[in-house]
Amino acid sequence: MKRILFDTNIILDIALKRNPFFNDAFKLFELIDEKKITGSITATTVTDIYFISKKEKRHCEAIQFINSLIKVVDVIGVDKEVILNALSLKIFDFEDAVQISAAEFSEINTIITRNKSDFVNTVKQILTPVKFLDLLA
């Protein structure tokens with residue numbers, strides 16, 4: 001089964017029901033339910049989701065969403081080795097560099113994001129939700 005790393009924006013599209021992005025993000029999670037892919041997020045994504053979701057929703061709703069989320073996706077580690085590797089990458093956005101590095105250490109080759117331009121200078125397959133869904137169709 002293909003392992004996928006979801007960028008934080010994909011998860012927030014679901015958590016906050018952001019239109020017009022919610023439907024495509026939801027379809028990705030249907031693929032997890034259908035056992036066609038294995039979804040992953042980084043441990044740092046969890047705290048980012050909480051921080052951003054809490055601003056628009058209450059603490060309890062943010063925690064409830066995270067609790068449901070981690071039952072469905074794998075949470076991959078971010079440790080000193082991942083951070084040191086991220087620092088060495090030529091990626092402008094450090095958060096994205098951490099995600100790329102964590103994906104490398106977890107042997108995940110595909111990252112799904114709406115912000116492909118943030119993930120330049122990587123050997124990873126970087127796809128938008130729409131492109132990924134088109135490839136599976």
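Just so you know, residue 1 is the first one in the sequence shown, and it goes up from there.
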- Item | same_hphob_cluster(F21, L16) at 4.5 Å side-chain heavy-atom cutoff |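 Each belongs to a different hydrophobic cluster.
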- Query: Of D7, T128, I111, which is the lone residue that meets side-chain contact (heavy atoms from CB on, under 4.5 Å) with K116?
  - Reply: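 Exactly one pass, corresponding to T128.
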- Message: With heavy-atom distances below 4.5 Å as the criterion, would you say the side chains of L69 and I49 are in contact?
- Response: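 Yes, side chains in contact.
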- Query: Taking atom CD of Q64 as the centre, does the number of heavy atoms from other residues, nucleotides or ligands within less than 6.0 Å exceed 12?
  - Reply: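 Count not over threshold, so no.
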- So do the side chains of T113 and Q99 get within less than 4.5 Å of each other, counting heavy atoms only?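 No. Closest side-chain heavy atoms not under 4.5 Å.
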- May I ask whether L5 and I11 are part of the same hydrophobic cluster, defined by side-chain heavy atoms of I, L, V, M, F, W, Y residues being less than 4.5 angstrom apart, directly or through others?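 Per the 4.5 Å side-chain linkage, L5 and I11 are not co-clustered.
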- Item | Heavy-atom side-chain proximity of P129 to K27 below 4.5 angstrom |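 They are not in side-chain contact.
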- Excluding sequence neighbours, so at least two apart, what forms ring-ring contact (aromatic ring centres under 6.0 Å, His included) with Y50?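 For Y50 the ring-ring contact (aromatic ring centres under 6.0 Å, His included) partners, ignoring immediate neighbours, are H59.
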- If every non-hydrogen atom of K57 is compared with every non-hydrogen atom of A15, which pair is closest and at what distance?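 Reported closest heavy-atom pair: NZ-O, 3.1 Å.
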- Message: Once ring-ring contact (aromatic ring centres under 6.0 Å, His included) is applied, do any residues pair with F119, and if so which ones, sequence neighbours excluded?
- Response: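 Counting only residues at least two positions away or on another chain, F119 forms no ring-ring contact (aromatic ring centres under 6.0 Å, His included).
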- Message: Is there a side-chain contact between K36 and L136 in this structure, where contact means two heavy atoms from C-beta onward sitting under 4.5 Å apart?
- Response: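 Not touching, per the 4.5 Å side-chain cut-off.
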- Query: Side chain of S106, backbone of I108: donor and acceptor closer than 3.5 Å?
  - Reply: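 No; judged by distance alone, with no hydrogens or angles, the pair does not exist.
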- Hey, is D24 close enough to R114 for a salt bridge, meaning N to O under 4.0 Å?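 Result for this pair is no, no salt bridge flagged.
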- Message: Test your reading of the model: is there a side-chain donor-acceptor pair from T8 to the backbone of T45, 3.5 Å cut-off?
- Response: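 It does not hold such a pair.
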- Does the ring center of F132 lie less than 6.0 Å from the ring center of F6?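 No, the ring centres sit 6.0 Å or more apart.
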- Item | Test side chain to side chain contact (heavy atoms under 4.5 Å, CB included) applied to V98 and T42, step by step | CA-CA 9 Å; V98 170; T42 63; 5.5 Å; no
- Item | In one Ile/Leu/Val/Met/Phe/Trp/Tyr side-chain cluster, 4.5 Å: I32, V46 |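 The answer is yes; both residues are in one hydrophobic cluster.
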- Go through I83 and F94 one step at a time and tell me if the side chain to side chain contact (heavy atoms under 4.5 Å, CB included) criterion holds. CA-CA 9 Å; I83 298 295; F94 182 65; 4.1 Å; yes
- Message: More than 12 heavy atoms of other residues, nucleotides or ligands under 6.0 Å from CD of E34: yes or no?
- Response: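 Yes.
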- Message: If hydrophobic clusters are built from ILVMFWY residues whose side chains come within less than 4.5 Å, do L12 and F22 share one?
- Response: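 Same cluster: L12 reaches F22 through Ile, Leu, Val, Met, Phe, Trp or Tyr contacts under 4.5 Å.
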- Task: Give a yes or no on whether L127 and I41 share a hydrophobic cluster (residues Ile, Leu, Val, Met, Phe, Trp, Tyr; joining criterion: side-chain heavy atoms under 4.5 Å apart).
- Result: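 Both belong to a single hydrophobic cluster.
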